[in-house]
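Worksheet: the structure to be examined is printed underneath.
Everything quoted here is computed from the prediction, not taken from an experiment. Chain identifiers are assigned alphabetically (A, B, ...) following the order of the sequence lines, protein sequences preceding nucleic acid strands; residue numbering begins at 1 within each chain.
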Number of protein chains: 2
Amino acid sequence: MEKGQTSGAKKPKEGGAVGAKVVEHVRRLIEDGSLRPGDRLPAERDLALQIQVSRPSLRSGLRTLQAMGVIEARQGSGTYIADGPPKLGDGPLRFLAALHGFTRDEMFEARRVLEVGTTGLAAERATPEHIARIADEVTSMFATLDDPQTFLVHDLQFHRAVAAGSGNAVLATLIDTVAELVFEYRRTTVERARDLRESAELHRRIYKAIRDRNPDEARRQMSDHLNMARMAQAAEEDPAAGPKETALAPRPRRKK
Amino acid sequence: MEKGQTSGAKKPKEGGAVGAKVVEHVRRLIEDGSLRPGDRLPAERDLALQIQVSRPSLRSGLRTLQAMGVIEARQGSGTYIADGPPKLGDGPLRFLAALHGFTRDEMFEARRVLEVGTTGLAAERATPEHIARIADEVTSMFATLDDPQTFLVHDLQFHRAVAAGSGNAVLATLIDTVAELVFEYRRTTVERARDLRESAELHRRIYKAIRDRNPDEARRQMSDHLNMARMAQAAEEDPAAGPKETALAPRPRRKK
DNA sequence: TTTTCAAAAAGGTCGGACCACTATAGACTT
DNA sequence: AAGTCTATAGTGGTCCGACCTTTTTGAAAA
């Protein structure tokens, strides 16, 4: 009470989240079409004035939007609405995996549920362009059998291409989120992989089923592939034997 | 260059994101077991010292974690690691829906792929406790046929309970994310609903199939239910006739 | 016309001060 | 002594203003 204040401190508008106000404002701009992917937002100093919040609070809200993958800030240039393919940041799932001890098997099972259904849809609806892209990835996989890291990239791209072939962006986004996490993890073990050729062959069969417009076969092949991949990864992790509690999150070490 | 600086300004450690440093630090604490759900983080001022960043930067990182649903800040008390059920904030998907124009049909299709597979798993593995909870929700639905809003809550709870019955937390999280968005939207139209009784009946059939350990039947019933729900919502939106481009995201109004 | 470079613009970071809410220890009442 | 109330310390929330780094851009120079 005795010390003076450098400048002014206003009254707190509502109770809590001024940052939320920013998110809400931007959401409205997007939902009513004023902002579209690729557009640039007003400068922070200007936007702060428009929304009637301070710049720190504005930045707080923008940071939230950034974490959600909605906007992208480029220093010196501006802040832009994300325009790439829909992306549900891999961060969240990764944290959830660490927090709740998601196991590798759970991740693969989730992929199986997602991708089996989606692959069936792709077999029904994929356009020739989609099918061509899927074929390209299969070819690339066969071409990189001796380079596990690159092989893995094309593996992921293959699954992305199939998901795109389903024509359902929601499913494609979900698959991408889960698959990316699995692949990121596998990147560290793939060097010990066996049977890259067999893996490529299984992908080829999925491709053929989609090309032949055979949803049931496509589903079956995708299911087989993911089961195989799950076991392969288990073997890579524990070359010895019995894979058991191998989780993405580590042992529960408690301090208290 | 000519004006004095109030206080100090350090050299920029690395290139860019100091906030990312915070996220990374917390991630490590979680992944190595030092922080577990429900734990309290050190006070911002202390944590900032530990990580060697300023408090604003620390808060920036914490805001990111908050957006990901990893932490929860309680004013006057502290910042805590989220402990509830895994939650992949609905925010992101909602924005993606607005940005990329996800349609209602796409959302329902994603749910169908996710929930049909998951329901099959639930029919195989649900414990008696899980089954009891599913039964409770069905009962509640029949008890609230005259209160659409409450009915809807139990509808959502039913699907959550089924997902929990699958024993797969990853799938449960994904379903929750998508379903919540769909329900949030439907909350605005459900007042015009017809046939709440028929909807309850369909849920009861899913429950029975799970109880009877009949995965195929459970899958079939869930698929039917979601198809029916999709059409029902279309009717609620457009009581007149032909449901067409009704999307979660609005018309593309462009300024330029 | 092309190249160069310095100013402007925009996001990133920082320190400090103050506000609002919570929880708790100590004082007061009973 | 037990219960209640209140002052206070602690913690997150907000704001300001200044400065840094990067990008962009337009004018000057070649």
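By the salt bridge (Lys or Arg N to Asp or Glu O under 4.0 Å) test, A/Arg133 is found to be paired with no residue, residues two or more places apart in sequence or in another chain being considered. Residues that satisfy the salt bridge (Lys or Arg N to Asp or Glu O under 4.0 Å) test with A/Glu109, not counting sequence neighbours, are B/Arg125.
Under 4.0 Å is where a charged nitrogen must lie from a carboxylate oxygen, and between A/Glu184 and A/Arg187 no such pair does. With respect to B/Glu137 and B/Arg160, no salt bridge is recorded, no charged nitrogen being found less than 4.0 Å from a carboxylate O.
Atom pair A/Tyr80:OH and D/dT22:P shows a separation of 17 Å (rounding to whole Å applied). The distance from atom CG of B/Leu58 to atom C1' of C/dG15 is 14 Å, rounded to the nearest whole Å. Rounded to whole angstrom, the span from the CD1 atom of A/Ile71 across to the C1' atom of C/dG11 amounts to 11 Å. Between the CD atom of A/Glu72 and the P atom of C/dA10 there is a distance of 18 Å, rounded to whole Å. Note: CG (B/Leu49) to C1' (C/dC14) measures 13 Å, nearest angstrom. Distance CD (B/Gln52) to P (C/dG15): 10 Å, rounded to an integer number of Å. What separates CD of A/Gln66 from P of C/dG11 is a distance of 11 Å, to the nearest Å. Following rounding to the nearest Å, B/Asp46 (CG) and D/dA9 (C1') show an atom-to-atom distance of 14 Å.
Comparing atom distances between the B/Pro56 side chain and each of D/dC16, C/dC14, C/dT13 picks out C/dC14 as nearest. Relative to the side chain of A/Ser54, the nucleotides C/dC14, D/dG12, D/dT14 differ in distance, and D/dT14 lies closest. Here C/dC14 is the nucleotide among C/dC14, C/dA10, D/dG13 with the atom lying nearest to any side-chain atom of B/Val53. In this structure, of C/dG11, D/dT14, D/dT24, it is D/dT24 that holds the atom nearest to the side chain of A/Ser77. Ranking D/dG12, C/dA10, C/dT22 by closeness to the B/Arg59 side chain, first place goes to D/dG12. Nearest to the side chain of A/Gln75, among D/dG13, C/dT13, C/dG11, sits C/dG11. Closest contact between the side chain of A/Ser57 and the listed nucleotides D/dA18, C/dC14, D/dC15 involves D/dC15.
With hydrogens and angles ignored, no donor-acceptor pair closer than 3.5 Å exists between the side chain of B/Glu44 and the base of D/dT11. Residue-to-nucleotide contacts include no donor-acceptor pair under 3.5 Å from the side chain of B/Arg74 to the base of D/dG13. In the interface, the side chain of A/Arg45 is paired with the base of C/dG11 through a donor and an acceptor atom under 3.5 Å apart. Contact of B/Arg63 with D/dG13 (side chain to base): no donor-acceptor pair of N or O atoms is detected under 3.5 Å.
A cation-pi arrangement is absent between B/Arg27 and A/Phe95, since the terminal nitrogen or guanidinium carbon is not both under 6.0 Å from the aromatic centre and inside a 45° cone about the axis.
In this structure, A/Thr79 reaches the sugar-phosphate backbone alone: every heavy-atom distance under 4.0 Å involves primed, P, OP1 or OP2 atoms, never a base.
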